[in-house]
Amino acid sequence: MKLFIISFLLLVCSFAFGQSYKSIVNKADSFYKAKEYKKSVQNYKEAFKIEQKNSLDFYNAGCAAALSGDKKLAFKWLNAALINGWSNISHLKIDTDLRSLHTDKKWNKLVLDMQSIIDKKEASYDKPLRAKLLAIYKDDQPIRQQYISAQKEFGPESKQVDSLGRIMIYKDSINVDKVTKILDENGWVGADKVGVQANQTLFLVIQHADLETQQKYLPLMREAVKIGNANGSALALLEDRVALGEGKRQIYGSQIGYDGQTKINYVLPLDDPDNVDKRRSEVGLGSLSEYVKRWEIIWNVEEYKKKLPELEEKRKGKN
């Protein structure tokens with residue numbers, strides 16, 4: 001059962017100062033990356049005064065607390081992650097952020113509690129279907145990681161990237177056939193039937209399919225989100241891909257373009273840039289300014305609006 005607590009007064013104050021739960025968590029994450037773990041912990045504390053339901057945020061907070069030397073708080077947040085659905089026990093065991101906790105007597109209890117919850121969940125899984133989806137996941141993700149690494153090491157237009165891209169396209173075509181067959185026979189199965197990773201595989205494969213396939217299964221994913229069988233933030237990415245594929249502007253700013261002449265990344269044509277963060281927040285995504293930093297883009301909404309007509313012309317030229 002997910003725990004959801006909101007302090008009305010804190011929520012009002014937070015909004016008054018323009019601070020949302022997600023923006024505070026993003027700050028906590030930034031401090032974590034900068035190895036300023038105590039500041040990261042402090043921001044997580046502030047975020048959890050507003051909302052307490054995201055298992056991944058609780059897990060990351062637990063890591064920050066462990067690295068800051070606060071073992072008691074680390075176990076508190078890791079147990080909160082467990083209560084809210086965190087069940088990646090294999091990652092928990094090898095996560096070096098948590099190494100300082102291994103000698104504490106609470107560690108073995110945490111691992112045993114998590115394993116017990118996993119065993120109960122997996123007892124009701126469709127194990128053959130889960131196995132199929134996990135096999136697809138293992139085929140889908142490594143090549144993408146290699147592709148991203150090659151882009152960073154050799155550049156987006158390098159021979160290495162081109163070669164890996166061809167392999168990736170080939171693998172995608174095979175995996176799309178497998179996943180669409182699963183969707184046609186079983187619908188958009190939820191994590192309660194196949195586990196989180198297997199459930200995510202459905203989206204991961206469909207988002208890299210051709211436009212016609214994306215259009216076909218987009219309504220199915222929308223319905224899946226409504227009943228909790230798919231993630232709203234993942235749906236946002238598919239919505240953007242389909243919108244751009246249809247020649248429209250994207251909604252959430254998730255899709256990034258690359259200018260081969262200037263060697264600069266940019267946000268592909270976006271509808272109503274002024275309110276993009278509001279839309280992103282509604283589906284559980286962080287601010288666009290934080291999101292685009294990974295592509296070394298500095299988000300300036302006024303500058304973007306000036307360049308938008310040019311970006312649309314550029315995109316039309318590529319189609």
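What you see is a predicted model; the values in this text were computed from it and never measured. Worth knowing before you read on, the calculation uses all heavy atoms, side chains too, and leaves out hydrogens, waters and symmetry mates.
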Which pair of heavy atoms, one from Glu239 and one from Ile251, lies closest together, and at what distance?
CB-CD1, 4.5 Å
Taking the inter-plane angle between the rings of Tyr21 and Phe48 on a 0 to 90° scale, is it parallel (under 30°), tilted (30 to 60°) or perpendicular (over 60°)?
tilted
According to ring pair (Phe, Tyr, Trp, His ring centres under 6.0 Å), who are the partners of Tyr137, at least two apart in sequence or on a separate chain?
none
Asp119 and Ser116: side chain donor to acceptor below 3.5 Å:
no
Is any side-chain heavy atom of Asp172 closer than 4.5 Å to a side-chain heavy atom of Asp140?
yes
In the structure I gave you, are the side-chain heavy atoms of Asp184 and Tyr217 within less than 4.5 Å of one another anywhere?
yes
Side-chain (Ser124) to main-chain (Lys121) donor-acceptor, under 3.5 angstrom:
yes
Do Gln207 and Arg241 pair up side chain to side chain, a donor and an acceptor below 3.5 Å, judged on atom types alone?
yes
Hydrophobic cluster partners of Phe154 (side-chain heavy atoms under 4.5 Å):
none
Step by step, work out the salt bridge (charged side-chain N to carboxylate O under 4.0 Å, His left out) result for Lys293 and Glu296.
CA-CA 5 Å; Lys293 282 181 180 179; Glu296 299 181 346; over 6 Å; no
pair Asn175-Asp139: side-chain heavy atoms closer than 4.5 Å
yes
Taking transitive links into account, so neighbours of neighbours count too, which hydrophobic residues share a cluster with Leu101 at under 4.5 Å side-chain distance?
Leu56, Tyr59, Phe75, Leu78, Leu82, Trp86, Ile89, Leu92, Leu98, Trp107, Leu110, Val111, Met114, Ile117, Ile118
Would you tell me whether Asp29 and Asn60 have side-chain atoms, one donor and one acceptor, within less than 3.5 Å of each other?
no
Does Lys178 reach the side chain of Val205, with side-chain heavy atoms less than 4.5 Å apart?
no
Main-chain N/O of Gln250 paired to Asp271 side chain as donor or acceptor, under 3.5 Å:
no
With heavy-atom distances below 4.5 Å as the criterion, would you say the side chains of Trp188 and Glu223 are in contact?
no
If every non-hydrogen atom of Ala74 is compared with every non-hydrogen atom of Gly62, which pair is closest and at what distance?
CB-O, 3.5 Å
Mind checking whether Trp77 and Lys45 have side chains closer than 4.5 Å, heavy atoms only?
yes
With a distance cut-off below 6.0 Å to the six-membered ring centre and an angular limit of 45° from the axis, does Lys27 pair with Tyr32 as a cation-pi contact?
no
